[in-house]
Each structure stands twice: as C-alpha cells, then as structure tokens.
Asks: 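The structure that follows is given in the form of structure tokens.
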Amino acid sequence: MEHVDFSLVDWSRLQFAVTAMYHWIFVSLTLGLAVIVAVMHTLYVRTNNEEWKNLTKFWMILFGVNLALGVASGIILEFQFGTNWSNYSWFVGDVFGAPLAIEGFMAFFLKAAFFAVMFFGWNRVSKGFHLLSTWLVAGSACISALWILIANAWMQYPVGMQFNPDLARNEMIDFWAVILSPVAITKFFHSVSAGFVTGGVVVVGISSWYLLKNRHKELARKSILVGASVGLFGLAVVMISGHFSAVHVGQKQPMKLAAIEGLFEGQEGAPFSVVAFSRSTNNPERPYELEMRGLKIPNLLSFMATNSFTGFVPGIVDLIEGNKERGIMSAYERARRGRVAQTALRELREARDTDPEEHARLRALFNDEVWLSEYFAHFGYGFFYDENPDVFRQNIARLVPNVPLNYWSFRIMIGLGFLFIFVLGLFGWWAYKDKLDGNKKLFYRLALICIPLVYISTQAGWVVAEVGRQPWVVQDLMPTFAGVTSEMSVGAVQTTLLVFAVLLSALFVAALKIMFAQIKKGPKEG
Amino acid sequence: MKFDKICKYCISEIRKNSIGVAVVIFAVTTFLILFLIIKPYFFPHFLETKFETEEERGRYVLERLIR
C-alpha cells in the first residue's frame with residue numbers, strides 16, 4: 001500500500017461519485033416518469049378522454065429532458081472507466097463490459113427506435129402501436145437499468161467468472177450466474193421501484209403546485225391519482241426488495257451491514273438502531289471502533305439480515321478480528337491468504353518467460369477450486385498485508401467503511417420512505433375521493449417539499465450501496481485504490497472534475513429552465 | 001424515401017413546439033460537447049492509447065497488482 005497515492009484515489013472517487021450521483025438524479029425520475037406516462041397513455045387509449053392525452057403529452061416533455069440528461073451523464077461515467085480506472089476496467093474484463101455493451105445495443109437502440117414514435121406518433125400511427133411504443137420506451141428504460149445493475153451487482157458479489165492470471169483479468173464462464181445473481185435481482189427491483197417512487201412524488205408535488213396556484217385542477221387530480229398509485233406500488237416493491245437486499249448484504253457483504261448499523265460486537269437477536277450518537281472508544285488496538293448509544297428496536301436487525309429474530313449478525317470487530325465460534329475468519333488471516341495468492345501471481349509472471357514447468361504448475365493453481373476458495377477468494381485483502389504489525393493494523397482498519405455516513409444515510413433513506421408512504425397514500429386517497437380542495441394548502445406545500453426530499457432519499461440509498469461497500473471496487477478481490485490509473489496526475493483529475501462540474505451545472509440549469517418552462521405552461525386544457 | 005418523410009415529420013413537429021425545439025437543441029449540443037470535446041481531449045482510454053496489444057495491457061495491469 002506504500003505505492004498508493006491516496007490523494008489521486010480520493011479525487012478519482014470524488015469525480016466518479018459526483019457524476020454517478022448526478023446521473024442517478026435523472027435516471028430515477030426517468031424510470032418513474034416513463035411508467036407514469038405509459039399508464040396515462042393507456043388510460044387515454046382506453047377511455048378516449050382527451051384530458052389523459054394532454055397529460056401524457058405534458059409529462060412526456062419532462063420525461064424527454066430527464067432522459068437526455070440521464071444518457072449524457074451516463075456516457076460521462078463510461079468515459080471515466082477507461083481513463084481514471086484503467087486497472088479496474090481491465091481486471092473486471094468482459095464480465096463488466098458485456099452487460100454494459102448489451103445495455104448499449106439492446107435497451108438504448110430500443111429506446112431510440114420507439115422514442116420518436118412515442119413523441120411524434122399522435123394521429124400518425126395507430127393508437128395501439130403508439131401505446132405499444134410508449135410502453136416499449138418505458139420497458140427499455142427498465143431494461144437499461146437492469147444491465148447496469150447486473151454489472152454493479154457483480155462488483156458487490158462477483159460470480160460466474162474465472163481469473164486469467166496471464167492477462168490479469170476476469171473472464172466470464174457462466175453468463176446466467178452473472179445475470180441471475182440474487183444480488184442483481186434484488187438490486188434491480190429495489191432501484192427501479194425507487195425510480196417509481198421518485199416519479200410518483202415528483203408528479204404529486206408538481207400537481208400540488210397547480211392546486212396551490214388554482215390552475216389545471218382536474219388535470220392535477222388525475223396526475224395525482226396516477227402518480228400516487230405508481231409511487232405507492234414502487235414503495236411496496238422497495239420495502240420487499242429492501243428486505244431481501246438486507247439479507248443478501250448480511251450474507252455477501254457483512255461489513256457493509258455492520259457499518260450501516262454501527263454494529264461493532266456481533267450478537268444473536270441483534271437490535272435495529274433507530275437513532276444513535278457515536279463517539280470514539282479511543283482504543284489503540286481498534287482505531288475504527290465507535291461507541292453507539294441511542295434508541296433500539298430489539299431483534300429487528302436479526303430479522304432484517306437473517307429472516308430470524310434470533311439470528312446472529314456479525315459486528316465489525318468479529319469481521320476484523322475473527323470469531324472462531326461463528327466460523328468467521330479474521331481480516332488479518334484473509335490478508336495473509338490474499339498475499340499468498342498475490343505472491344503466486346507474481347511468481348507466475350516471473351516464470352512465464354523463464355520456467356515453463358513452474359509456470360504450468362502455478363497456472364494450475366488458478367484452476368484449482370480448493371486453492372481458489374482458500375486463497376484467491378481473499379486476493380484483494382493481500383493489498384492490506386504488511387510485515388510491520390503496526391502498519392498492518394492501520395491497513396486493516398481501512399477495511400471498515402465510514403460508519404456515521406452509512407448509518408445516517410440508511411436512516412434518512414428509510415425515514416423519508418415512511419414520509420412518502422404517508423404523503424402518497426393521503427394524496428392518492430383524496431384524488432380517488434375527489435377531495436383535493438382549497439383547504440389543503442399545507443399538505444400541497446408538504447407535497448412540494450417532498451420533491452427535493454425524494455432526491456435526498458434516493459441519493460442516500462446510493463451512498464449506502466456504494467460507500468457502504470468501500471474499500472472494495474470488486475468485493476474481496478480488488479480494493480478501490482488498486483483500480484485507479486496510477487499514472488494519472490491529481491491535477492488532471494482535478495481539472496476534469498472542474499470541467500464536469502461546469503458542464504454538469506450548465507446542463508442542470510438548462511434542463512431546469514426547460515422543465516420549469518413546461519411546468520409553468522402546464523398541460524393543455526380541454 | 002420513407003425515412004425522409006419520418007425525418008421531415010419529426011422536424012415539423014419539433015418546430016411546432018418551442019419546448020420541443022429547446023429539448024432537441026439541448027440534447028444535440030450536449031452530445032456534441034461530450035463526443036467532440038470532452039472524450040478526445042479529457043478522457044482518452046489509457047490502456048488503449050498507451051499499449052497496442054492485449055498482452056501488453058495485461059502485463060501492465062499485472063505489474064500494478066503484484067508490486
């Protein structure tokens with residue numbers, strides 16, 4: 001780790017995080033609006049009511065602006081892989097590249113093909129084909145998300161690949177294991193349904209603004225009915241998939257779960273911490289340790305993570321120092337084993353041009369299932385190994401993600417989720433009963449405030465998923481600092497970050513101007 | 001011929017709607033900036049520009065993993 005320029009790593013991470021979080025702002029709304037527009041279009045085709053047509057056209061413009069920004073910011077992310085993260089891009093090989101390529105060809109072209117029909121097909125193509133195009137655009141937005149999330153899930157739970165030690169890259173050997181990874185499936189449902197919630201909250205919020213202004217009252221009621229329904233459906237899926245996600249994180253990324261909960265000592269029947277205040281224990285043997293004091297719900301964390309109220313949930317200390325009773329290997333031992341795998345890779349590299357027999361022997365290790373599970377499975381931990389015990393201890397402490405950031409991000413995400421259940425439920429009920437009158441201005445303002453809150457909630461979800469898995473860029477195999485292009489200069493990353501900040505801010509302002517113009521204009525009446 | 005008609009129709013529809021024009025100008029400008037300025041000047045593909053063969057790229061990354 002002495003070779004690592006952490007300043008470069010941190011700037012590269014910041015650049016990626018800024019772009020990814022910016023991308024996620026538009027993606028989440030695009031996913032939700034696509035379905036809301038498709039539902040409104042369906043209602044128009046079924047009822048022949050022109051109001052549904054006007055609403056479909058109105059929300060379609062907002063969808064179009066979001067889609068353009070989502071695609072643009074996604075492209076910027078892909079640029080960064082090849083420039084700032086070349087070691088990572090090479091190491092993950094086609095396992096990561098294939099889902100991204102499929103996303104590009106399948107979903108992007110499907111979207112592009114039917115996008116024009118969706119926007120300009122009114123009275124030009126049959127109503128049925130036009131509606132089908134709208135649903136295909138909505139479906140392709142979800143399919144795009146699916147392939148991206150498959151790639152992301154592989155980083156969190158790498159399966160279906162074999163490491164090629166001669167090329168230092170992973171090669172896909174089981175396509176189905178990659179795409180049917182349980183982590184990918186729950187990630188897909190959780191993220192896409194979070195998009196439905198975003199769409200629902202934004203539609204209800206903007207419609208509430210019309211009600212506050214006493215404009216487009218019937219169109220606002222109709223929008224709220226659809227937006228709240230899609231949002232509530234999304235919330236139901238978010239909660240179910242969120243539970244499965246917690247179970248998977250508990251199994252595949254126990255450190256992330258322990259960090260999210262601020263759980264240091266593992267226990268059976270572990271409580272869920274509702275709120276807590278943390279302070280360092282100042283224990284020199286455990287520089288990562290915090291004392292967490294606050295309100296707890298007994299046994300709930302065990303249920304979330306293991307489906308049993310008495311199940312054992314390992315804490316950060318168990319994962320760092322090991323727990324023989326529970327069969328948990330210490331991070332120190334994992335680092336030693338990881339170093340064995342790295343040494344084998346070094347020797348293989350040296351023997352390649354000089355000693356074919358030794359090369360063949362070492363090459364065989366990388367095909368030996370037992371050796372792979374005992375040593376290569378800990379490959380990434382080898383980067384943290386050091387002969388000096390003090391340095392080794394400091395390095396191992398880096399395996400603990402930022403506990404307060406993950407802890408509070410998780411609670412913000414969940415807390416705001418409950419607020420959205422209340423707001424969407426209430427507005428959906430009032431819209432259904434036609435009770436959205438002038439006496440509910442306070443609630444209309446609350447719905448309006450929920451627009452920024454839904455973004456805070458989805459961004460907090462991103463933080464939990466991506467910061468919670470640190471220091472790994474590929475779980476247990478490649479730490480984030482090993483994935484950067486070490487030849488890049490900090491200045492170059494800072495410059496491109498500045499360029500992005502300017503470009504993304506300009507795009508954001510332009511998009512907001514277009515969207516506000518559309519909102520101010522409102523849907524066509526009659 | 002049919003493609004021509006589709007393009008002309010899309011352009012006429014965009015022109016009818018000022019926000020539609022803004023969306024299209026916005027999208028086209030964004031992509032031009034991305035592919036003509038940002039990608040070539042700020043984001044060259046490191047391994048592809050520095051090395052010619054897969055073996056050279058693999059060797060480079062391998063050195064970084066085992067040092």
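The shown structure was predicted, so the numbers you read here are calculated from the model rather than taken from an experiment. Just so you know, these numbers use all the heavy atoms, side chains as well, and skip hydrogens, waters and symmetry mates. Each chain gets a letter, A, B and so on, in the order its sequence line appears, and its residues count up from 1.
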Asks: Under a 4.5 Å heavy-atom cut-off, does chain B meet the side chain of A/L67, its backbone, both or neither?
Replies: neither

Asks: If you round to the nearest 0.5 Å, how far is CG of B/L47 from OG1 of A/T485?
Replies: 7.0 Å

Asks: Sort out for me which of B/E55, B/R57, B/R59, B/E63 touches chain A most, counting heavy-atom pairs under 4.5 Å.
Replies: B/R59

Asks: Look at A/Q80, A/R169, A/E487 and state which one has the largest set of heavy-atom pairs under 4.5 Å with chain B.
Replies: A/E487

Asks: Provide the closest heavy-atom pair for A/A168 versus B/G58 in the form atom of the first, atom of the second, distance.
Replies: CB-O, 4.0 Å

Asks: Checking heavy atoms, do the side chain of B/Y60, its backbone, both or neither come under 4.5 Å from chain A?
Replies: side chain

Asks: Which residue out of A/G64, A/A482, A/A506, A/S486 racks up the most heavy-atom pairs below 4.5 Å with chain B?
Replies: A/S486

Asks: Given a strict heavy-atom distance threshold of 4.5 Å, which part of A/N84 is in contact with chain B: side chain, backbone, both, or neither?
Replies: side chain

Asks: Measuring from A/L503:CG to B/I37:CD1, what's the distance to the nearest 0.5 Å?
Replies: 9.0 Å

Asks: Which answer fits B/E54, side chain, backbone, both or neither, if we ask what part of it has an atom under 4.5 Å from a heavy atom of chain A?
Replies: both

Asks: Does any backbone or side-chain atom of A/A511 lie under 4.5 Å from a heavy atom of chain B? Answer side chain, backbone, both or neither.
Replies: both

Asks: Identify which one of A/R349, A/R346, A/M478, A/Q342 satisfies the side-chain contact (heavy atoms from CB on, under 4.5 Å) criterion when paired with B/L65.
Replies: A/M478

Asks: Calculate, to the nearest 0.5 Å, the distance between atoms CG and CD1 belonging to A/L348 and B/I66 respectively.
Replies: 9.0 Å

Asks: As an exercise: rank A/N164, A/L69, A/T343 by heavy-atom pairs under 4.5 Å with chain B and give me the winner.
Replies: A/L69

Asks: To the nearest 0.5 Å, what is the distance between CZ on B/F46 and CG on A/N87?
Replies: 8.0 Å

Asks: In terms of heavy-atom contacts, does NZ of A/K513 have more than 12 from other residues, nucleotides or ligands at under 6.0 Å?
Replies: no

Asks: Using heavy-atom distances under 4.5 Å, tell me whether A/S86 contacts chain B through its side chain, its backbone, both, or neither.
Replies: both

Asks: Can you say whether A/L507 sits under 4.5 Å from chain B via the side chain, the backbone, both, or neither, judging by heavy atoms?
Replies: both

Asks: Fit a plane to each ring of A/F500 and B/F43, take the angle between them on a 0 to 90° scale, and name the class: parallel (under 30°), tilted (30 to 60°) or perpendicular (over 60°).
Replies: parallel

Asks: When you look at CH2 of A/W11, are more than 12 heavy atoms from neighbouring residues, nucleotides or ligands closer to it than 6.0 Å?
Replies: no

